[in-house]
Peer 1: 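Have a look at this one before I ask anything.
Naming: A, B, ... by sequence-line order, numbering from 1 per chain.
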Number of protein chains: 2
Amino acid sequence: MPAVSGCINMLDSETKAVETPEDHAEELRLWLRLLTCTTLIEGEVRGRLRQRFDVTLPRFDLMAQLDKAPDGMTLSDVSKRMMVSNGNVTGLVERLVDSGHLDRRTSETDRRVQVIRLTKLGRAEFRRMAAEHETWIADLFADLTPKDVRELMRLLAKTKASAQKSAARRRS
Amino acid sequence: MPAVSGCINMLDSETKAVETPEDHAEELRLWLRLLTCTTLIEGEVRGRLRQRFDVTLPRFDLMAQLDKAPDGMTLSDVSKRMMVSNGNVTGLVERLVDSGHLDRRTSETDRRVQVIRLTKLGRAEFRRMAAEHETWIADLFADLTPKDVRELMRLLAKTKASAQKSAARRRS
DNA sequence: TGAAAACATTTTAGGCTTAAAACAATTCGG
DNA sequence: CCGAATTGTTTTAAGCCTAAAATGTTTTCA
């Protein structure tokens with residue numbers, strides 16, 4: 001392949017964007033690294049939750065959402081916050097109700113809606129787990145300076161916004 | 001609670017580390033943001049793979065690993081690279097062999113080992129999907145400048161190293 | 001050499017997850 | 001007011017995923 005082919009294509013182009021097969025290897029590598037980091041940390045947290053508290057990560061995540069909502073949440077709210085499917089939440093909640101961690105009742109004003117809350121037991125257990133969980137996270141990120149943390153926060157916010165925009169573009 | 005309690009605790013401490021309940025809220029927020037970004041992008045890629053190619057993300061990921069290894073890989077290699085359990089790979093490979101995308105054979109020199117490769121069909125289909133996949137990723141990260149990308153790469157590398165160190169600490 | 005350790009994979013049991021279809025209740029527009 | 005669209009949840013079918021135990025193979029080393 002001649003080294004000038006890209007330039008030739010560019011000369012061919014008219015007013016619109018160039019159709020040269022562009023190189024997006026950098027973005028691809030970034031995505032893989034992002035995924036690796038997340039998978040690594042998630043796996044570590046999952047293992048520690050299991051070992052220390054015999055609880056699964058999805059259960060912990062669901063309880064974390066409810067801990068921030070003393071008045072409860074609807075299943076839809078939970079589903080959106082956790083970014084998982086509705087059906088997923090149904091099953092997760094069912095098991096947590098069975099184990100006595102959640103209370104679930106039908107809304108008085110809208111009989112479609114199920115409102116779930118942490119029970120006293122659920123809240124107590126979550127708080128206990130959350131305290132230790134926070135130290136694990138701190139340890140996993142221990143080598144980052146406060147400046148690194150701030151900078152990562154900023155860049156990830158930008159990344160999130162970019163991805164949301166792209167997702168919206170596709171849906172429209 | 002008096003505002004000086006932290007200092008009092010520090011005075012109480014002896015040679016070892018202070019037991020003051022430290023504030024790790026920043027790291028926690030960082031972790032949640034990292035998770036959100038990854039979940040968002042992963043969900044988007046999953047949906048597009050399904051819509052355009054009727055393929056699942058785990059299948060795509062496995063084929064991506066094999067595409068980089070013309071001489072094939074063992075199941076253990078795949079399991080380590082993908083950071084998933086051995087049993088997971090067994091099932092994934094089984095389905096991909098059934099659909100004609102993978103070839104699997106027992107190693108001649110070590111009968112414990114299964115070596116898998118992409119078939120001609122598997123490689124062709126993967127290349128077709130990968131080309132489009134790359135444009136999706138580029139679009140999802142479109143609002144990041146080259147500098148942002150470099151900086152994120154650097155900080156995520158640091159994060160990965162930190163997490164690996166922490167994981168190793170726990171295992172020892 | 002031969003038992004024990006290490007290794008590669010599979011199996012098992014249970015839970016997680018999704019997309020799509022089904023169902024139920026509410027809201028909207030004519 | 002009533003049919004149609006919308007909203008909230010559950011169900012279904014299939015696949016993904018893990019940890020732990022089981023199976024078969026190779027290596028180690030006493």
Peer 1: Pair A:Leu155, B:Leu144 - check side-chain contact (heavy atoms from CB on, under 4.5 Å), show working.
Peer 2: CA-CA 8 Å; A:Leu155 289 168; B:Leu144 299 191; 5.5 Å; no
Peer 1: Pick one: which of A:Lys165, A:Arg170, A:Arg169 meets salt bridge (Lys or Arg N to Asp or Glu O under 4.0 Å) with B:Glu44?
Peer 2: A:Arg170
Peer 1: With DNA chain C as reference, determine whether B:Gly47 or B:Val115 sits nearer its 5' end, using the nearest nucleotide of each.
Peer 2: B:Val115
Peer 1: With a 4.0 Å cut-off on heavy atoms, is B:Asn86 in touch with a base, just the backbone sugar-phosphate, or nothing at all?
Peer 2: base
Peer 1: State whether the side chain of A:Ser79 and the backbone N or O of A:Val84 hold a donor-acceptor pair below 3.5 Å, judged by distance alone.
Peer 2: yes
Peer 1: For C:dT9, does OP1 or OP2 lie under 4.0 Å from any side-chain N or O of B:Ser76?
Peer 2: yes
Peer 1: On DNA chain D, compare the nucleotides closest to A:Gly91 and A:Asp110; which residue's is nearer the 5' end?
Peer 2: A:Asp110
Peer 1: On DNA chain D, which is the earliest and which the latest nucleotide, 5' to 3', with an atom closer than 4.0 Å to a heavy atom of chain B?
Peer 2: D:dG15 to D:dT26
Peer 1: Which is true for A:Asn88 with a 4.0 Å heavy-atom rule: it touches a base, it touches only sugar-phosphate, or it touches nothing?
Peer 2: base
Peer 1: Report the end-to-end axis angle of the helix from C:dT1-D:dA30 to C:dG30-D:dC1; each axis comes from five terminal pairs, and the value is rounded to 10°.
Peer 2: 20°
Peer 1: Taking only residues two or more places apart in sequence, or in another chain, which ones meet A:Phe60 in a ring pair (Phe, Tyr, Trp, His ring centres under 6.0 Å)?
Peer 2: A:Phe126, A:His133
Peer 1: Would you indicate what B:Leu92 reaches in the nucleic acid, counting non-hydrogen atoms under 4.0 angstrom: base, sugar-phosphate, or nothing?
Peer 2: sugar-phosphate
Peer 1: Indicate, with a heavy-atom threshold strictly under 4.0 Å, whether B:Ser79 touches base, sugar-phosphate, or nothing.
Peer 2: nothing
Peer 1: Can you tell me how far P of C:dA25 sits from CD of A:Gln114, to the nearest Å?
Peer 2: 11 Å
Peer 1: Do A:Val45 and A:Val55 sit in the same hydrophobic cluster, where Ile, Leu, Val, Met, Phe, Trp and Tyr count as joined when their side-chain heavy atoms come under 4.5 Å apart?
Peer 2: yes
Peer 1: Can a donor-acceptor pair be found, under 3.5 Å and without considering hydrogens, that links the side chain of B:Glu134 to the backbone of A:His24?
Peer 2: yes
Peer 1: Under 4.0 Å, counting only non-hydrogen atoms across every strand here, what does B:Thr90 touch: a base, just sugar-phosphate, or nothing?
Peer 2: base
Peer 1: Judged by modelled atom types alone, do B:Gln114 and B:Thr106 share a side-chain donor-acceptor pair under 3.5 Å?
Peer 2: yes
